[in-house]
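Only this structure's heavy atoms are used, side chains among them; waters, hydrogens and symmetry mates stay out. Each residue takes its place number in the sequence, starting with 1.
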Amino acid sequence: MPSETLWEIAKAEVEKRRCHGSDGDGMEIGEKSVFFIGSKNGGKTTIILRCLDRDEPAKPTLALEYTYGRKTKGHNTPKDIAHFWELGGGTSLLDLISIPITVDTLRTFSIVLVLDLSKPNDLWPTMENLLQATKSHVDKVTMKLGKANSKASSEMRQRMWSVMQKDHPDRELIDPFPIPLVIIGSKYDIFQDFDPEKRKVICKTLRFVAHYYGASLMFTSKSEALLLKMRGVINQLAFGIDKSKSMCVDQNKPLFITAGLDSLCQIGSPPVPDSDIGKLQAHSPMELWKKVYEKLFPPKSTSTLKAIQDPARDPQYAESEVDEMRVQKDQ
C-alpha cells in the first residue's frame with residue numbers, strides 16, 4: 001500500500017481531535033490561528049520565527065504566507081497546533097485578508113498588527129487601512145456564522161467584551177475589535193531616540209487606538225527582554241497560555257499594556273492645545289486623534305503606500321527563459 005501523504009495525515013489528525021474534543025484532564029485540545037498584518041518590512045516574519053524558535057534569516061513576504069507551530073500543554077497530552085498567517089506588502093494586498101479568515105476558522109482567529117515605529121508618517125494610514133479592511137471582512141464572516149450557528153456568533157460577541165471588566169468606566173465608550181487583537185510597535189531601538197514630544201504623541205495615540213479596540217499594546221526591538229515579552233503575548237494567542245497582567249505606560253520605556261487595563265482617564269486628551277481642538281472639526285474621538293496625529297506626522301501619498309515592487313521584475317527571481325517569453329507576450 002502507498003504511504004500516506006502529508007495532507008492525509010493532517011486530515012486524520014484534525015478528525016481525531018474532533019472526535020476526542022479534549023483530553024482526560026478536561027483541557028481543550030485544538031487549533032488556533034494568528035494572522036500577522038502590518039507595516040511593510042516592519043518585522044512580522046522575524047517575530048513569527050522568534051516565536052517558533054526557528055533560527056533562520058527572515059525572507060521578504062511576497063503575498064500571503066503560512067507556517068505552523070505545535071506545543072504540548074502537559075505530559076502525555078496531544079500537542080496543540082497554532083497556524084501562523086502573514087500578509088506581506090503592507091496595505092497593498094488587502095484582498096488577501098479574506099483567504100485565511102472563514103466561517104470555519106473565525107472562532108479561533110487572532111490578529112497581530114505590527115507597526116514600524118521608525119516610520120511615524122506611515123503609521124496611521126497603515127494601521128487604519130489594515131484594521132478597517134480586516135474588521136469589514138470579519139463582520140461579514142460573523143454575519144454568515146450567525147445564520148449558520150447563532151450560538152457560536154453570540155459566544156464570539158461575549159468574548160469580544162470579556163477583555164473589559166463590567167465596571168470599567170470606559171465600557172460604553174469603546175468598540176472592541178470583533179476578534180482578539182494585539183498591536184505591536186516594532187523597531188523600538190530606533191524609536192527611543194526620537195524627540196520626546198514626538199514619542200509622546202505616538203505613544204498616546206497608540207494607547208488610545210488599542211484601548212478603543214480592546215487590544216493589547218506592546219513595543220519590541222532586538223532586546224532579548226522585549227522579545228521574550230512579545231513571545232509570551234503571541235503564545236497566549238496561539239496556545240492559550242496565561243496572559244501577563246504587567247503594565248508599563250511610561251513613554252520613556254517600551255509600552256506594555258494588556259487589553260482592558262488602560263483607561264481614557266490615564267491616557268488623557270489628544271496632545272494638542274485646547275484652543276485648537278475645536279478647529280479640527282472631528283466627528284468622533286477616533287477622528288480627532290487621527291487629525292491630531294497627522295498634524296505632526298502628515299501621511300505620505302496613498303499611491304506611495306499602496307505601491308509594491310513587482311516580484312516578476314525582482315532580479316532575485318530572474319528566470320531567463322521565462323523572462324524571454326514574458327517579453328514576447330508583452331510585445
Side-chain angles (χ1 to χ4, degrees), residues 5-23 27-38 44 48 61 63-71 78-89 91-114 127-164 174-183 213-216 234-240 243 259:
T5 65
L6 183 62
W7 179 246
E8 289 169 338
I9 294 172
K11 287 174 67 176
E13 177 73 14
V14 170
E15 192 60 36
K16 184 172 70 174
R17 284 168 177 264
R18 283 177 180 166
C19 292
H20 287 80
S22 62
D23 69 349
M27 290 190 299
E28 283 190 357
I29 300 173
E31 304 178 23
K32 294 181 182 294
S33 300
V34 185
F35 193 10
F36 287 78
I37 59 177
K44 299 184 292 296
I48 293 173
T61 304
L64 183 68
E65 295 197 1
Y66 165 82
T67 188
Y68 71 94
R70 306 182 73 174
K71 198 175 192 72
K79 291 183 178 180
D80 284 351
I81 298 176
H83 304 280
F84 292 90
W85 294 87
E86 180 187 355
L87 180 70
T91 59
S92 63
L93 301 169
L94 298 179
D95 291 345
L96 297 182
I97 289 173
S98 62
I99 293 176
I101 305 178
T102 66
V103 172
D104 293 329
T105 64
L106 181 64
R107 283 175 286 173
T108 64
F109 245 90
S110 300
I111 301 293
V112 175
L113 173 64
V114 180
M127 173 176 66
E128 183 177 55
N129 289 335
L130 285 168
L131 288 183
Q132 284 183 353
T134 304
K135 187 176 186 300
S136 175
H137 176 67
V138 170
D139 286 343
K140 290 177 183 176
V141 177
T142 302
M143 286 183 64
K144 290 182 181 178
L145 176 65
K147 293 177 181 178
N149 189 337
S150 59
K151 182 181 178 182
S153 179
S154 176
E155 287 175 352
M156 278 194 63
R157 282 194 295 271
Q158 291 176 9
R159 186 178 67 171
M160 183 175 77
W161 282 99
S162 66
V163 297
M164 187 72 68
I174 67 168
D175 184 18
F177 208 71
I179 55 180
L181 171 66
V182 170
I183 299 176
Y213 283 123
S216 295
I234 304 302
N235 274 338
Q236 194 278 321
L237 296 177
F239 301 107
K243 60 182 177 182

Side chain [X], main chain [Y], donor-acceptor under 3.5 Å:
X: S33; Y: W85; answer: no
X: S136; Y: A133; answer: no
X: T134; Y: L131; answer: no
X: S162; Y: R159; answer: yes
X: S110; Y: V34; answer: no

Heavy-atom pair of closest approach, residues [X] and [Y]:
X: G88; Y: L93; value: O-CD1, 3.3 Å
X: D139; Y: P178; value: OD1-CG, 3.9 Å
X: F109; Y: I179; value: O-CB, 3.8 Å
X: K44; Y: L87; value: CE-O, 3.2 Å

(message) Distance check, rounded to the nearest 0.5 Å: F239 atom CZ versus E31 atom CD?
(response) 11.0 Å

(request) Let me see the working for L106 and I101 under side-chain contact (heavy atoms from CB on, under 4.5 Å), right down to the final yes or no. (result) CA-CA 6 Å; L106 181 64; I101 305 178; 3.8 Å; yes

(message) Given H83, which partner from the list F35, Y66, F36 fulfils the ring pair (Phe, Tyr, Trp, His ring centres under 6.0 Å) test?
(response) Y66

